[in-house]
There are 2 protein chains.
Amino acid sequence: MASSDPVYLRVVADIRRQIVDGSLSPGASIPSRAQLTRKYGVGETAARHALRVLAAEGLIVGRVGSGHYVRAQPTLLPLHRWRFHDHHAPFGADIQSQGTRATWDWRTEPADATPDIAQRLRLEEFAAVTRTSYVFRGDGKPVQLATSYEPAEFGEPVAEENPRGLIPRLSALGVKITEIVEQVYTRVPQPAESDALALPAGVHVLHVERTHWAGDRPVETSDIVIPGDRFRLVYSHPLTP
Amino acid sequence: MASSDPVYLRVVADIRRQIVDGSLSPGASIPSRAQLTRKYGVGETAARHALRVLAAEGLIVGRVGSGHYVRAQPTLLPLHRWRFHDHHAPFGADIQSQGTRATWDWRTEPADATPDIAQRLRLEEFAAVTRTSYVFRGDGKPVQLATSYEPAEFGEPVAEENPRGLIPRLSALGVKITEIVEQVYTRVPQPAESDALALPAGVHVLHVERTHWAGDRPVETSDIVIPGDRFRLVYSHPLTP
DNA sequence: GGAGGCAATTTGGAACTCCAACTTTGAGGG
DNA sequence: CCCTCAAAGTTGGAGTTCCAAATTGCCTCC
């Protein structure tokens, strides 16, 4: 904390310290901005700025008319990525095995492959694909979004077949899945995603690009959007003897 | 965009749309706040607020005295998590294989296991462990931080032995690694991490908790901090016939 | 004891103003 | 053409003031 640093950073650092060292526990109230101006001898602008930074870090949350409060640090539910890949809805099976009631909606439609999807599926641009959009719910609240793309040649996953899952469905078509690859990164959610997932301000998502391979051919690719404040992803790698 | 929405959101949405649809390409300048007030008929506060939100989303970056500019969307270098686990520095080997010169520093010291580490290593609280802190550099710039913990009984990885890597080292001690588990989540970086990794404002990190298992015993656990604007993690899962 | 009303307080949005440090541009001179 | 300097403009920090919507606590009445 250099003496030339902006005053708001002094306020941020002090409050952050109290939160991190436990002096201010989850649910505890933070001084109002009027109180901060008096306590730290700063103006309202700096007080607001400090509160804004702390809120953006997810450490506090403001309630209109009431005040700011320390946020409980989220417990991140683990999603074991390879454990349920033979279920018809791996995510659903995972959180259900952890005691959360899981439901999901999906919508399937024919689409043209965007350049990105075409590349991932090694198709021509604008090739015909089948796009299936999912909303997964835990205890009734949306907790994950996913969009899956398959070459149109595999046909549309009709409603009765969908519960069978991708791997057996493609197997019945003579396509054997040999590998699943997931690429994980973090990003800012799009406004529609924030709305759909009821994300608190400042929360980023984990974005998983998952591709099913049959030998050296990609036969399905998905974009999965996972709230970064609710889940962590667990990957296991056994070592062969 | 409801008509009762704050005016700053109108500005945000308009500029975001231009960036997303390519009208404003990377490097393009954004109107200054004075220009925004005139263009959108809002006050300076709302103009600043809009710019602040866009900056927090990583879409623009402000340069003092110059203006705001559209940020190039980062190309995320893939880190193949299981490909180099038998190297002495898997991360280094990974980015080196992609053309980036990798170097790293580390520092080893005895420590007492915190409750979290004790739980992860199935040790008593405050049990003696060996803590090794790493700073990984790509082309001379820090690009990843990691802290590794081992039970103290394995001894201190002395400098000459470190290049051999964890798995052969423990193997020489009669401990056979049977599985590696990585848990991935995203979070706000701590100030020291932001400094160390030179993270732009608003960038979150991927945090990987990695544990090496020998049978049902955890024998090493690490916390790995990866800039969310530079890397993505790639996990592969072969399906057995 | 419970319900309702009211005052005080709070947050989030917003306006206007000022300032230091910095950048950019244009004019003038060599 | 190149260099210098001044003017204009920019960002980030900061202050003060106002307002709508919401919350909380206290008081009064039934």
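To find a chain, count down the sequence lines: A is the first, B the second, and so on, and within it residues start at 1.
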Checking A:Asp94, A:Val143, A:Leu76 against A:Phe231 for side-chain contact (heavy atoms from CB on, under 4.5 Å), the one that qualifies is A:Val143
Could you tell me whether B:Arg10 sits above the aromatic face of B:Tyr40, with NZ or CZ closer than 6.0 angstrom to the six-membered ring centre and within 45 degrees of the axis? no
Closer than 4.0 Å, any side-chain N/O of A:Ser32 to the OP1 or OP2 of C:dT9? no
With hydrogens left out and only the distance checked, is there a donor-acceptor pair under 3.5 Å joining A:Arg33's side chain and the base of C:dG12? yes
Take atom CZ of A:Arg10 and atom P of D:dG13, then tell me their distance rounded to the nearest Å. 15 Å
Taking DNA chain D as the partner, which of residues 36-49 of chain B come within under 4.0 angstrom of it by heavy atom? B:Arg48
Once the angle between the rings of A:Trp106 and A:Tyr134 is folded into 0 to 90°, is it parallel (under 30°), tilted (30 to 60°) or perpendicular (over 60°)? tilted
Kindly say if B:Gln35 contacts the phosphate of D:dT10, meaning a side-chain N or O under 4.0 Å from OP1 or OP2. yes
Under 4.0 Å between a side-chain N/O of A:Ser66 and OP1 or OP2 of C:dT11, yes or no? no
Quick one: is D:dT11 close enough that its OP1 or OP2 comes under 4.0 Å of any side-chain N or O from B:His68? yes
In whole angstrom, what separates B:Ile30's CD1 from D:dT11's C1'? 14 Å
Taking OP1 and OP2 of D:dA14, is either one under 4.0 Å from a side-chain nitrogen or oxygen of A:Tyr8? no
